[in-house]
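In what follows, chains are A, B, ... by sequence order, proteins preceding strands, each numbered from 1.
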There are 2 protein chains.
Amino acid sequence: MGTTQLESVPEPKYWHLKTVLSEALDSEFSVGEILPNERELAARFGVARATLRQALEQLELEGRLQRRRGVGTTVAPPRVGVAVGTEQHAWPGASGDVWQSVDSVLATPPAVVAAALECSTDEPVHTVRRSRMSHGQRVATELLYILAAAVPDLTAIDAPSGAARARAVLRELQHLTLEGQDRAVELGSARADDAKELDRLPGSPVLVVTTRFFAQGRTAAVSVATYRADTCRLTFGDPAGVEIHHDPEQQAS
Amino acid sequence: MGTTQLESVPEPKYWHLKTVLSEALDSEFSVGEILPNERELAARFGVARATLRQALEQLELEGRLQRRRGVGTTVAPPRVGVAVGTEQHAWPGASGDVWQSVDSVLATPPAVVAAALECSTDEPVHTVRRSRMSHGQRVATELLYILAAAVPDLTAIDAPSGAARARAVLRELQHLTLEGQDRAVELGSARADDAKELDRLPGSPVLVVTTRFFAQGRTAAVSVATYRADTCRLTFGDPAGVEIHHDPEQQAS
DNA sequence: GAGTGGTCTAGACCACATA
DNA sequence: ATGTGGTCTAGACCACTCG
């Protein structure tokens with residue numbers, strides 16, 4: 001029989017490509033090194049550029065590559081561990097908080113937030129914008145919604161917005177008794193404004209951490225934090241060493 | 001001046017499409033409803049199918065749509081909340097555990113796991129495969145690696161593999177004192193085997209939850225759990241109501 | 001201005017589910 | 001057998017960065 005055993009389950013080209021590239025990254029490239037451009041790589045592997053890009057997209061999703069328009073594709077460093085669960089049972093802005101206040105205004109909440117706060121969409125909330133750095137890079141942005149009714153003394157504040165106002169809101173928050181909190185993580189895609197601040201394109205994958213803070217028998221505040229999914233590994237609970245040399249990313253066995 | 005103000009920052013077509021579709025989903029479709037097929041939709045919006053697909057991909061990533069080859073595209077139900085942090089400080093397999101054992105073998109660990117376990121790649125580990133259901137759907141698969149040295153009595157077990165063996169391994173584990181644990185969440189793409197079990201295509205986005213268990217002064221076990229990112233919202237900490245009506249997914253403001 | 005990645009097109013064929 | 005989404009191609013142009 002001249003017919004050799006054909007691939008009974010032919011792997012998609014981009015999948016195979018991804019495997020080959022992944023191995024090449026491990027053995028022939030070092031962190032920060034720049035890869036040949038997409039047209040060159042596609043030609044080298046004998047595929048269309050779109051197919052090559054499909055493989056690159058997955059590798060970027062897994063945190064192996066970093067692509068920047070006008071610059072090129074580089075080998076990404078291992079994901080950084082970012083502690084999310086350590087400030088257990090403390091209000092945002094408590095001492096030791098790693099977030100930096102950017103701005104704050106008093107406004108009505110978007111519908112989704114109003115639902116989480118169990119309030120109507122026309123009840124005023126303080127909206128605080130914060131950002132978080134890690135390893136010299138901005139890794140997350142946050143929108144913090146605080147029921148205006150929960151921090152009544154704040155009406156004395158004059159400034160209508162600004163970082164100083166944000167800090168004043170958070171300072172006021174510390175006087176409340178935190179009765180509990182709640183956290184959820186899910187996949188999302190970056191809104192235009194978050195993307196810009198995180199130096200990513202709109203739509204790039206992010207990990208959305210939603211935290212609800214309970215006080216006075218109700219949900220008093222909600223935080224929606226948006227982390228870069230490509231560069232971050234969120235860590236929880238008992239801290240400790242943060243190693244796992246290279247990250248347990250998935251890949252064809 | 002005849003020149004009207006042009007869009008100084010022209011939005012990509014697929015981004016605009018995504019916004020339009022997203023609004024249509026909210027107002028004109030109900031959960032489970034099937035959308036027109038891709039060729040039809042592309043024609044209706046006057047774009048190439050590839051462009052339409054780019055929009056659909058993002059909506060699927062955000063959990064708004066579900067696409068199945070040979071079937072069609074349907075409106076996805078809201079993401080289900082899946083508790084991840086409640087069994088705090090208990091071994092896998094303890095009473096109340098929501099995971100179902102599937103199989104177990106004694107083998108040498110992959111390099112990444114060996115690093116997490118701080119052991120060499122030729123030290124034997126029990127590898128237990130488990131899966132997790134929620135709301136009638138399989139939402140996660142897990143590979144649990146347990147240092148063979150940590151459960152020495154197990155050598156008495158005869159069966160070389162199988163679910164019964166898996167349960168025996170976990171039963172043995174309960175005798176150890178759990179000294180602490182460690183958890184991390186990151187984005188990954190489904191390996192071929194996990195994808196099959198989760199009824200997804202290889203490479204689809206998943207949330208990878210890595211848990212390390214400490215006993216006898218070292219890392220005694222490591223769990224790598226793979227959750228469907230499209231359908232799951234991982235919840236942590238103090239449980240409570242799991243509401244947030246529709247999910248704080250990101251989108252063009 | 002040259003070179004990069006990002007977007008978009010119009011087609012083709014394939015794998016899969018269903019009737 | 002038909003219709004669906006998934007893969008792939010070969011081109012074009014655009015937005016961005018940098019020398």
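Looking at A/Arg39, its side chain comes within 3.5 Å of the base of C/dG5 through a donor and an acceptor atom.
Contacts classified as side-chain hydrogen bond (donor to acceptor under 3.5 Å, both in side chains) and involving residues 101-116 of chain B (residues at least two apart or in different chains) are given here: B/Ser104-B/Arg165.
Per the geometry, CG belonging to A/Leu52 stands 16 Å off C1' belonging to D/dG11, to the nearest Å. A/Leu201 has its CG atom 9 Å from the P atom of D/dC16, to the nearest Å. One atom, CG of A/Asp199, and another, P of C/dG5, lie 16 Å apart when rounded to the nearest Å. Rounded to an integer number of Å, the gap from A/Arg69 CZ to C/dG5 P is 12 Å. Put simply, NZ on A/Lys196 is 16 Å from P on D/dA15, counting in whole angstrom units. Spacing between atom CZ of A/Arg67 and atom C1' of D/dC16 amounts to 15 Å, rounded to whole angstrom units. Between A/Leu65 atom CG and C/dG5 atom P the separation is 11 Å, expressed in whole Å. Nucleotide C/dG5 holds its P atom 17 Å from the CD atom of A/Gln54, rounded to whole Å.
For the side chain to side chain contact (heavy atoms under 4.5 Å, CB included) with A/Leu144, the lone residue among A/Val125, A/Leu170, A/Val222 that qualifies is A/Leu170.
Nearest to the side-chain atoms of A/Val47 among the listed nucleotides D/dT9, D/dT4, C/dG5 stands D/dT9.
Contact annotation: B/Arg49 does not reach the phosphate of C/dA10 (side-chain N/O to OP1 or OP2, under 4.0 Å). Contact between the side-chain N/O atoms of B/Thr73 and the OP1/OP2 oxygens of D/dT4 is not found at any separation under 4.0 Å. Side-chain nitrogen and oxygen atoms of B/Tyr14 include none within less than 4.0 Å of the OP1 or OP2 phosphate oxygen of C/dC8. At the phosphate of C/dT7, neither OP1 nor OP2 sits under 4.0 Å from any side-chain N or O atom of B/Thr51. An OP1 or OP2 oxygen of D/dT4 is reached within less than 4.0 angstrom by a side-chain nitrogen or oxygen of B/Asn37.
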Worked verdict on A/Thr141 versus A/Glu197 for side chain to side chain donor-acceptor pair (under 3.5 Å): CA-CA 8 Å; A/Thr141 68; A/Glu197 215 160 352; 5.1 Å; no
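Comparing B/Pro36 and A/Val71 along DNA chain D, the residue whose closest nucleotide (by nearest heavy atom) sits nearer the 5' end is B/Pro36. Mapped onto DNA chain C by nearest heavy atom, A/Gly70 and B/Gly46 fall at different nucleotides, with A/Gly70 at the one closer to the 5' end.
With sequence neighbours excluded, the residues that form a side-chain contact (heavy atoms from CB on, under 4.5 Å) with B/Pro205 are A/Leu187, B/Leu61, B/Leu187, B/Ala229.
Residue contacts for A/Leu56: at a heavy-atom cut-off of 4.0 Å it reaches no nucleic acid atom on any strand shown. Across all strands shown, B/Arg53 has heavy atoms under 4.0 Å from base atoms, whether or not it also approaches the sugar-phosphate.
Classification of B/Arg200 and B/Asp230 as a salt-bridged pair holds, one side-chain N sitting under 4.0 Å from a carboxylate O.
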